[in-house]
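So the structure is just underneath, and the comments pick up after that.
Count residues from 1 along the sequence. Whatever order the structure lists them in is the order used to number ligands and atoms, beginning at 1.
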Amino acid sequence: MARVYNFSAGPAVLPEEVLKEAAEEMMDYKGSGMSVMEMSHRSKVYDNIIKEAEQDLRDLMNIPDNYKVLFLQGGASQFFAEVPMNMMKNKKAGYIVTGQWAKKAYQEAKIYGDAVELASSADKTFSYIPDCSDLPITDDMDYVYICENNTIYGTKYKELPNTKGKDLVADVSSCFLSEPVDVSKYAVIYGGVQKNVGPAGCVIAIIRDDLITDDVLEGTPTMLKWKTQADNDSLYNTPPCYTIYICGKVFKWLKKMGGLEKMKEINEKKAKILYDFLDESKLFKGTVEKKDRSLMNVPFVTGDENLDAKFVAEAKAAGFENLKGHRTVGGMRASIYNAMPIEGVEKLVEFMKKFEKENA
Ligand SMILES: *Cc1c(COP(=O)(O)O)cnc(C)c1O
């Protein structure tokens, strides 16, 4: 068995311990005589799996009792529509556009109402987080929307925007469980799990319960109404059973690792190794403003497209996979999620040093 160092932005690396456990349970989950893939989502065994997953997530994130946890399908992209459908009572909301995912959410909201761009960092290819201390938020806005960690560009909010009392909705797909968060500061926190939590196929949404009502936009499909999902504990229809089971294992792994405080410490240490090298390198350069650097997604370039391509190819041959930047921005990107071991980053930096010498 040869595992590579997988720097994919998503679907992404998972903890080996989790994969091994899943393999052991593949044919017979805890004496049930079947795989979790084969069991009814209405069975007692599965009910324990989903309930335990929710409880472990609640413990990890200290989720207050007045927030519901939903396990949904459709990816983060479908949730872009669910936010306005469920929250646009006045049909008006503010969006901060810090990258492609924020922009897509903003464009989707425009289908349903008056989505207003409150700030944007498009002027400098989304290489920074705009000043959000005094945004043109108006009283009639139903919420303020952010993408908290910008997977493609590698920026992250280090401070939440001043929403002037409005509800904050955050897409945390690529920073989910990477550090502690104060859930009470948000109305809705959601993310696709395939970046930092589990396999593709599930969105986890943490929603303040007063937002879960029958008062949704006309024409909202039953499945996309949060109340439908909440009333049925995410079991209105067949949920992504196996994905939720793996997420549950990752939650247990995170607890064992010491929880989110500890993960933050590890993630900061891990990211620093790479950023410190980028800051001293004569060949490689980070592409975003230092103060806004993501702990999870680290884009960098050599400044020469051919050399970038050579680097990606040689890195792949040496066992470092998926370092090519997003197809829309080029260059390189190392996604160093929770499950990327620190040695992965150390070895990558060693390899980059060697490449720099050979190509000086
Ligand atoms: C990947 C990603 C998305 C899109 O996720 P899908 O599940 O593919 O729809 C949205 N937002 C962010 C921040 C992402 O990283």
Does only the side chain of [X] get under 4.0 Å from ligand 1, or the backbone, or both, or neither? Count heavy atoms.
| X | answer |
| --- | --- |
| Lys195 | side chain |
| Ala200 | neither |
| Gln78 | neither |

Using a 4.0 Å cut-off to any heavy atom of [X], which atoms of ligand 1 qualify?
| X | value |
| --- | --- |
| Ser173 | 11 (N), 12 (C), 13 (C), 14 (C), 15 (O) |
| Gly75 | 7 (O), 9 (O) |
| Cys147 | 13 (C) |
| Thr151 | 12 (C), 13 (C), 14 (C), 15 (O) |

- Assign the ring pair Phe300 / Phe284 to parallel, tilted or perpendicular, where the plane angle (0 to 90°) is split at 30° and 60°. perpendicular

- Message: Please verify the inter-ring angle class for Phe80 with Tyr190; under 30° counts as parallel, over 60° as perpendicular, anything in between as tilted.
- Response: perpendicular

- Note on the structure: Between the CD1 atom in Ile244 and the CD1 atom in Ile204, the distance rounded to the nearest 0.5 Å is 8.0 Å

- Task: To the nearest 0.5 Å, tell me how far Asp167 CG sits from Tyr186 OH.
- Result: 13.5 Å

- Task: Determine whether the aromatic ring centres of Tyr106 and Tyr145 lie less than 6.0 Å apart.
- Result: no

- Task: Decide if the gap between the ring center of Tyr245 and the ring center of Tyr29 is smaller than 6.0 angstrom.
- Result: yes

- Verify whether one side chain among Tyr153 and Asp292 offers a donor that lies under 3.5 Å from an acceptor in the other. no

Starting from [atom], find the nearest protein heavy-atom neighbour and note its residue, name and distance.
| atom | result |
| --- | --- |
| atom 9 (O) of ligand 1 | Ser77 OG, 2.6 Å |
| atom 8 (O) of ligand 1 | Gln194 NE2, 3.5 Å |
| atom 5 (O) of ligand 1 | Ala76 CB, 3.5 Å |
| atom 11 (N) of ligand 1 | Asp171 OD2, 2.6 Å |

- Query: Under the criterion side-chain contact (heavy atoms from CB on, under 4.5 Å), which of Asn149, Val181, Asn267 is the partner of Cys175?
  - Reply: Asn149

